[in-house]
Amino acid sequence: MFRSRYLLVLLLPLLLLTMAFRQSPLVDPPPISVPSGLNAVQVGKAVKAALIGRGWTVTGQQDGSVSASLSRDEWVAKIRVDYSVEKVQIRYVDSTNLKYEVKRDGTRLIHSNYMGWMKFLSGDIGRNLELISATAN
């Protein structure tokens with residue numbers, strides 16, 4: 001009995017440390033450059049195609065901006081993608097069960113899966129823009 005409690009006391013900090021590693025600094029992806037010659041409608045289509053292709057649901061649209069959410073099991077992420085004929089910018093809006101927190105120094109943290117989702121989405125938007133640009137010329 002004593003051994004199992006002792007083992008638990010030793011393993012508990014390790015478990016807590018492991019859980020903390022599932023968080024990453026939340027940094028919005030760098031802006032994605034839009035190839036010259038594309039108009040706003042083409043850029044918007046590239047953004048929406050990438051979102052839908054990655055399983056995101058478009059929840060709102062206005063000129064130069066698309067809001068979207070992604071639901072995976074118990075996780076929900078909400079983002080806004082602002083775009084122009086010059087660049088596309090993805091911004092975090094809100095989340096549920098993704099361990100989002102803001103530290104005292106202002107550092108934002110979130111579950112590391114979110115950062116992977118942003119990397120893939122950003123890459124897809126860039127590829128879509130290049131494809132549209134290549135077929136338009």
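Taking 4.0 Å as the cut-off between side-chain N and carboxylate O, Lys99 and Glu101 do not count as a salt-bridged pair. Arg80 and Asp94 are not joined by a salt bridge, as no carboxylate oxygen comes within less than 4.0 angstrom of a charged side-chain nitrogen.
No chain of hydrophobic side-chain contacts below 4.5 Å, direct or via other Ile, Leu, Val, Met, Phe, Trp or Tyr residues, connects Met115 to Leu109. Side-chain heavy atoms closer than 4.5 Å link hydrophobic residues (I, L, V, M, F, W, Y) into clusters, and following such links, even through other members, never connects Ile132 to Val85. When the side chains of ILVMFWY residues are joined at heavy-atom separations under 4.5 Å, either directly or via intervening members, Val102 and Tyr92 end up in a single hydrophobic cluster. Clustering ILVMFWY residues whenever any of their side-chain heavy atoms sit less than 4.5 angstrom apart, transitively, puts Val47 in the very cluster that holds Val58.
Nearest heavy-atom pair across Val34 and Val88 is CG2-CG2, 4.0 Å. Closest approach of Trp117 to Ala77, counting heavy atoms only: CZ3-CB, 4.2 Å. The two residues Gly126 and Ile32 have their closest heavy-atom pair at CA-CG2, 4.0 Å. Shown here for Gln89 and Asp28, the closest heavy-atom pair between the two residues is NE2-CB, 4.0 Å.
Interatomic distance, CZ of Phe120 versus CZ of Arg54, reported as 6.0 Å (0.5 Å rounding). Here the NZ-CG distance, from Lys87 to Asp82, works out to 9.0 Å after rounding to the nearest 0.5 Å. Annotation: the span from Asp63 atom CG to Ser84 atom OG amounts to 12.5 Å, rounded to 0.5 Å. Here the OG atom belonging to Ser122 is positioned 9.0 Å from the CZ atom belonging to Arg127, to the nearest 0.5 angstrom. Between Ser36 atom OG and Glu86 atom CD the span is 11.5 Å, to the nearest 0.5 Å. With rounding to the nearest 0.5 angstrom, the CD atom of Gln42 is 12.5 Å from the CG atom of Asn128.
Thr57 contributes no side-chain N or O that, together with a main-chain N or O of Thr59, makes up a donor-acceptor pair within less than 3.5 Å. Of the possible donor and acceptor atoms, one in the side chain of Ser112 sits under 3.5 Å from a partner among the backbone N and O of Arg22. At distances below 3.5 Å, at least one donor-acceptor pair connects side-chain atoms of Thr135 with backbone N or O atoms of Leu131. Of the possible donor and acceptor atoms, one in the side chain of Asn97 sits under 3.5 Å from a partner among the backbone N and O of Glu74.
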**Request:** Show your reasoning for whether side chain to side chain contact (heavy atoms under 4.5 Å, CB included) applies to Ile79 and Leu121.
**Result:** CA-CA 11 Å; Ile79 60 172; Leu121 180 60; 3.6 Å; yes

**Item:** Residues Ile90, Ile125; criterion side chain to side chain contact (heavy atoms under 4.5 Å, CB included); working and verdict
**Value:** CA-CA 10 Å; Ile90 303 170; Ile125 292 171; 4.0 Å; yes

**Item:** Tyr83 vs Val66, side chain to side chain contact (heavy atoms under 4.5 Å, CB included): CA-CA, chis, key distance, verdict
**Value:** CA-CA 8 Å; Tyr83 61 90; Val66 176; 3.8 Å; yes

**Worked verdict on Lys103 versus Arg108 for side chain to side chain contact (heavy atoms under 4.5 Å, CB included)** = CA-CA 6 Å; Lys103 294 288 189 182; Arg108 300 182 305 165; over 6 Å; no

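Using cut-offs of 30° and 60° for the angle between ring planes, the Trp75 and His111 rings count as tilted.
In this structure, Tyr100 has its ring center at least 6.0 angstrom away from the ring center of Tyr114.
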